[in-house]
Amino acid sequence: MLSIKNLTASINGTPVLKGIDLEIKAGEIHAIMGPNGSGKSTLGKVLVGHPSYEVTGGEVLFEGKNLFDLEPDVRARAGLFMGFQHPIEVPGVSNAAFLRLAYNKKAEAEGRDELDPLEFDDFIREKIKLVSMKEAFLDRSLNEGFSGGEKKRNEILQMAVLEPKLAILDELDSGLDIDALRVLGDAVNKLMRPDHALLVITHFPRILETIRPQFVHVLSGGRILKQGGPGLAIELEERGYDWVVEEAATGGHR
Amino acid sequence: MTVAVPSALLADLLSAPRPAEWEALRLAAEARLAGRELPTPRDKGWQFTDLAPLSHTSFAPAPEATADISADLLPEMVGTRQVFVNGRYAPHASCVSALPPGLRFLPLTLASEACHCLGTLAPETARSPFEDLNTARFEDGALILVPKNLRATLPLHLLFVTRAEHPCAVFPRVLIRLEAGAELSLVEEHMGHGPYLTCPVVEIQVGEGAILRHERVQRDHATAIHLATLRATVAQGGQYHSRTLTFGARLSRQEPSVRLAEGAEATLDGLALLGDGQLADTHSFLHHAAPHGTSHQLHTCVVDGQARAVFNGQIRVAPGAQGTDAQQKSRNLLLSGTARVDTEPQLEIYADDVKCTHGAAVGQLDPDEIFYLQSRGLDLEAARNLLTYGFAADLLERIPVASLRRALRRLVLARTHASALGDLA
Ligand SMILES: Nc1ncnc2c1ncn2[C@@H]1O[C@H](COP(=O)(O)OP(=O)(O)O)[C@@H](O)[C@H]1O
Ligand SMILES: [Mg+2]
């Protein structure tokens with residue numbers, strides 16, 4: 001589904017990603033872990049086409065297509081999604097209207113029927129149950145005045161509405177208490193299908209107790225230093241990240 | 001009696017016969033106009049707003065006309081509406097069958113009490129010549145009197161329609177008085193067709209503890225000129241909340257001034273949605289004359305094409321007006337490289353224990369916001385339009401009359417090219 005080859009990227013002329021290789025197949029759940037500032041969010045944002053980042057080398061194929069030939073909105077309609085670490089607030093744009101617009105743009109692209117406001121109302125009512133969101137949040141402006149946790153809930157609601165093939169979830173657990181984390185983790189699991197895939201970006205292993213990855217990658221200094229199975233997340237929980245960096249420095253990498 | 005010629009335009013407008021009533025008032029206004037010129041960009045307060053287009057046109061008095069307003073009726077107010085066409089009361093288009101007992105809502109020419117009130121409800125500030133012009137030549141207007149403690153549940157609708165084949169001028173006049181403890185919601189709308197000049201004057205007196213909510217919609221024709229004056233006094237503990245929405249006219253100016261007594265509250269919000277070569281100027285004056293008053297002012301402009309927005313927000317806190325809380329914010333969105341905004345606060349604070357904040361922002365759409373919407377599948381154009389709509393529509397959400405809120409949302413949708421996005425309301 002996603003194939004990243006030797007990807008390098010920079011922001012404001014500073015290289016942040018220094019050669020990333022990653023393969024994600026349908027049905028797989030991958031986790032990217034690593035210390036703060038290692039480039040995790042950058043990787044996600046480069047994949048979804050954030051204009052602040054410059055891709056300086058490498059190649060990314062999504063479903064066989066060169067990702068960097070596609071505008072961000074085309075990537076989204078093709079099934080790529082990122083739940084952001086810091087979702088922004090958009091005053092004046094009603095959450096419900098925005099969600100319906102996003103849904104209909106994707107439906108249109110896929111040749112499915114668009115939903116009118118009444119039909120969408122029924123549709124969204126089911127979806128907000130999935131993330132245990134109160135209906136009042138639909139009438140509010142998109143993310144405006146939402147707490148950190150409410151914004152994360154709204155990101156997963158958007159994911160539920162768009163049903164992306166590949167969802168990148170960046171630090172889903174930040175701003176969430178234990179209960180909310182479990183609710184959203186369960187929601188993500190329910191949305192997962194054999195023809196979908198997930199890339200979970202996290203500094204803390206906690207979220208991986210609910211969303212269980214088959215593959216764990218440790219990113220540090222813009223490079224993937226170590227890859228492993230679910231056991232690696234547990235090891236990182238116990239030992240932190242330093243040993244991975246040291247091991248890589250002394251040549252133990254791969 | 002002959003009048004000394006003030007300027008070609010003013011002379012033109014005064015050449016119309018003086019309407020029969022209120023002669024003393026009219027003569028006084030004419031006397032003040034004698035020798036006056038139109039303001040020019042050299043005059044204080046007019047440096048950005050050039051009235052030269054006025055002096056190239058000869059405006060005749062507006063002829064009698066009829067108008068079909070069936071499409072402009074708002075369901076909440078079908079029985080509480082007054083319509084004026086070309087400055088004259090239009091009885092067949094008006095209907096006041098649903099007024100609560102005791103509330104007076106009449107055309108001025110039928111209101112005996114009007115003569116005591118005209119020109120007296122609100123204190124004079126610096127008069128623009130257009131206010132005096134209105135006094136000298138208005139044909140009719142509306143009187144609204146809400147008696148003590150009456151809380152009107154239905155809003156009132158005041159509709160001024162102008163139809164001009166040739167350049168002509170109208171002078172709508174409105175007098176509003178809320179006695180102590182009264183409450184009223186009013187929608188004042190200006191619209192029309194053709195190259196007219198309208199100079200409305202609104203005088204407002206809000207009594208002790210009374211509350212007036214005032215929505216002002218200016219959707220005049222694209223070739224029209226709208227020069228409005230509003231003066232309000234708010235007595236102790238009273239509240240005046242207004243929202244002025246500017247969509248139309250090639251040239252418009254709003255000069256609201258509000259004087260607050262002890263513990264009084266005012267909101268003076270504005271939205272201007274401008275394109276092509278439109279110019280919209282707001283020069284407001286909030287006068288905290290006594291302690292513990294509160295005022296909020298949010299002025300929003302969305303400016304496209306070669307349009308230009310001007311905002312000057314004067315706030316005066318009088319000596320002794322301790323505990324005043326005044327907040328002013330001017331936010332402006334420029335949609336083209338040729339659009340322009342000139343915004344300035346003008347704070348005059350003569351008391352020491354006050355809280356006054358002001359801020360002004362002029363900018364383009366935020367690239368991070370555009371990207372966020374794109375990342376959910378909206379193309380660039382849809383994202384831009386949705387954000388533009390959101391920037392403008394923020395102010396509409398607080399309009400208390402549902403049908404007006406919906407109608408204005410549609411208007412803003414169309415003006416921000418967001419209609420294609422479907423029903424966003
Ligand atoms: N807008 C920016 N300007 C300059 N440097 C940035 C910017 N955004 C991120 N960086 C830098 O890029 C590196 C990676 O950041 P990020 O991808 O957010 O890390 P992570 O998500 O792993 O914590 C950090 O060193 C950070 O300081
Ligand atoms: Mg991050």
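Numbered from 1 within each chain, the chains take letters A, B, ... in sequence-line order.
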Next on the checklist: Taking CZ in A/Arg112 as the centre, count heavy atoms belonging to other residues, nucleotides or ligands within less than 6.0 Å. Is the count above 12?
Outcome noted: yes

Next on the checklist: Quick check on A/Leu142 against chain B: is it the side chain, the backbone, both or neither that has a heavy atom closer than 4.5 Å?
Outcome noted: side chain

Checklist entry - Rounded to the nearest 0.5 Å, how far does OG of A/Ser141 lie from CD of B/Glu397? => result 7.0 Å

Item to check | More than 12 heavy atoms of other groups within 6.0 Å of B/Asp276 CG | outcome: no

Checklist entry - Does atom CZ of B/Arg384 have more than 12 heavy-atom neighbours from other groups under 6.0 Å away? => result no

Checklist entry - Can you tell if the side chain of B/Leu386 reaches within under 4.5 Å of the side chain of A/Phe98, non-hydrogen atoms only? => result yes

Item to check | Options A/Leu80, A/Leu162, A/Val161, ranked by heavy-atom pairs under 4.5 Å with chain B, top entry | outcome: A/Leu162

Next on the checklist: Quick check on A/Glu89 against chain B: is it the side chain, the backbone, both or neither that has a heavy atom closer than 4.5 Å?
Outcome noted: backbone

Next on the checklist: Counting heavy-atom pairs closer than 4.5 Å to chain B, which one of A/Glu144, A/Glu114, A/Lys106, A/Met82 comes out on top?
Outcome noted: A/Met82

Item to check | Rounded distance (nearest 0.5 Å) linking atom CG of A/Asp73 with atom CG of B/Leu380 | outcome: 7.5 Å

Checklist outcome for this item: Here the gap from A/Lys105 atom NZ to B/Asp379 atom CG, rounded to the nearest 0.5 Å, amounts to 4.5 Å

Item to check | Close contacts, residues 37-57 of chain A versus chain B, judged by heavy atoms under 4.5 Å | outcome: A/Val48, A/Gly49, A/His50, A/Pro51

Next on the checklist: Take a 6.0 Å sphere around CD of B/Glu344 and say whether it holds more than 12 heavy atoms from other residues, nucleotides or ligands.
Outcome noted: yes

Next on the checklist: Applying a heavy-atom distance below 4.5 Å, give me the residues of residues 360-377 of chain B that approach chain A, sorted by number.
Outcome noted: B/Asp368, B/Glu369, B/Phe371, B/Tyr372, B/Leu373, B/Gln374, B/Ser375, B/Arg376, B/Gly377

Next on the checklist: If you count every heavy atom of other residues, nucleotides or ligands that lies below 6.0 Å from A/Asp113 atom CG, does the total exceed 12?
Outcome noted: no

Checklist outcome for this item: For A/Pro91 and B/Asp394, the nearest pair of non-hydrogen atoms, with its separation, is CB-OD2, 4.3 Å

